[in-house]
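Below, all heavy atoms of this structure are taken into account, side chains as well, without hydrogens, waters or symmetry copies. Start at 1 with the first residue, then count along the sequence.
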Amino acid sequence: MIKWRKAADGPVVTYGLIGLCCLAFLVSPLSGFNPGYGKGDTLLATQSAYFERWGVIPVNLMHGTAHALLTPLTALFVHGSWVHLLGNVLFLYVFGAMAEERMGRVRFALFYLTVGYFALFVYAAANADSDQTLVGASGAISGVLGAFLYLFPRARVTSLFPFLLFLPLRFPAWIVLIFWFGLQWMAARGADAGPGVAYLAHLVGFGTGFLYAWVRYWRTDRVKDQTAATEGERQP
């Protein structure tokens with residue numbers, strides 16, 4: 001749970017990105033809402049073609065075709081399942097609003113897309129021979145988390161930890177986000193190049209977001225009041 005001073009029109013870019021991710025999923029063959037995509041093997045073939053068209057395939061991206069060079073952007077709005085989608089938009093919903101307010105709408109939008117592109121591109125470069133498709137906004141959202149860590153380290157975040165019986169506990173953002181980064185680091189060390197979670201993209205996005213915020217805002221005062229009262233509260 002994070003409290004912040006709400007802008008007059010709200011975090012328009014954050015909500016817009018969430019809306020685009022949800023819309024892209026709902027009209028895709030992954031949501032199950034459109035019977036026109038068929039069933040069984042036909043549906044599986046359609047889903048595979050959908051991922052290949054809009055997702056990042058490292059071996060193709062490294063060859064630098066015009067279509068492949070656009071896929072790190074299109075892949076940011078493609079998700080493989082409801083769980084994948086909801087997990088990503090929840091993190092964006094929680095951490096995006098304050099980062100957008102601090103950066104400004106245009107800068108936040110450019111930051112999100114640039115960091116997301118860079119995270120997916122670095123992952124592809126590190127796995128240049130892979131033909132496994134990569135989709136999802138995790139790299140960009142990890143960048144938001146990294147920037148948030150620098151800009152709002154003392155913001156109070158309510159978190160649920162499985163090993164603590166899912167009790168909702170409040171911690172400073174720096175504790176939660178460094179813990180999250182540590183989990184990604186350990187998972188990346190044990191991951192292979194096969195299908196699964198692209199932890200490297202998470203690490204690259206997080207590090208890039210933190211460095212950007214550091215370089216851009218180190219001369220300015222950080223937000224002093226991290227827990228000011230507001231009309232609403234955010235809870236992951």
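- Note: Thr65 OG1 to Ile57 CD1 = 9.5 Å, rounded to the nearest 0.5 Å.
- The shortest side-chain heavy-atom distance between Asn88 and Leu92 does not fall under the 4.5 Å cut-off.
- Tyr150 has its ring centre no less than 6.0 Å from the ring centre of Tyr217.
- A parallel orientation is assigned to the rings of Phe95 and Phe91, their planes being inclined by less than 30° (bins at 30° and 60°).
- Among all heavy-atom pairs drawn from Ser138 and His202, the shortest one is CB-NE2, 3.1 Å.
- Once rounded to the nearest 0.5 Å, the distance linking CD1 of Ile178 with CG of Leu145 reads 12.5 Å.
- Here the shortest heavy-atom pairing between Ala119 and Gly139 reads CB-CA, 3.9 Å.
- Taking all atoms of both residues into account, the shortest heavy-atom contact from Ser81 to His84 is OG-N, 3.1 Å.
- You'll find the side chain of Met103 reaches within 4.5 Å of the side chain of Tyr212, heavy atoms only.
- No donor-acceptor distance shorter than 3.5 angstrom exists from the side chain of Glu52 to the backbone of Thr133, with no hydrogens or angles considered.
- With hydrophobic clusters built from ILVMFWY side chains whose heavy atoms lie under 4.5 angstrom apart, Tyr112 shares a cluster with Trp214.
- When every heavy atom of Val89 is checked against every heavy atom of Cys22, the shortest pair comes out as CG1-SG, 4.5 Å.
- Enclosure of atom NE2 in His63 is not indicated, since only 12 or fewer non-hydrogen atoms of other residues, nucleotides or ligands lie within 6.0 angstrom.
- Side-chain contact between Val56 and Tyr117 is absent, with no heavy atoms from C-beta onward closer than 4.5 Å.
- Of the inter-residue distances, the one linking Leu86 atom CG with Leu90 atom CG reads 8.0 Å to the nearest 0.5 angstrom.
- The shortest distance between side-chain heavy atoms of Phe77 and Val135 does not fall below 4.5 Å.
- Judged purely by atom type and a 3.5 angstrom limit, Ser28 uses its side chain to pair as donor or acceptor with the backbone of Phe25.
- Within 6.0 Å of the CH2 atom in Trp82, the count of heavy atoms belonging to other residues, nucleotides or ligands exceeds 12.
- Closest approach of Ala99 to Phe108, counting heavy atoms only: CB-CE1, 3.8 Å.
- Contact between Phe111 and Ala147 at its shortest, heavy atoms only, is CZ-CB, 3.9 Å.
- Within the 3.5 Å criterion, the main-chain N or O of Trp54 finds a donor-acceptor partner in the side chain of Thr74.
- Using bins of under 30°, 30° to 60° and over 60° for the plane-to-plane angle, the ring pair Phe148/Phe152 lands in the tilted bin.
- Atoms CZ and OH, from Phe206 and Tyr199 in turn, are 16.0 Å apart once rounded to the nearest 0.5 Å.
- Atom CG in Leu44 sits 14.5 Å away from atom OH in Tyr37 (nearest 0.5 Å).
- Annotation: side chain of Leu120 is in contact with side chain of Leu76 (closest heavy-atom distance under 4.5 Å).
- Ring geometry for Tyr93 versus Tyr15: interplanar angle under 30°, hence parallel rather than tilted (30 to 60°).
- A distance of 12.0 Å separates OG1 in Thr114 from CZ in Arg107, rounded to the nearest 0.5 Å.
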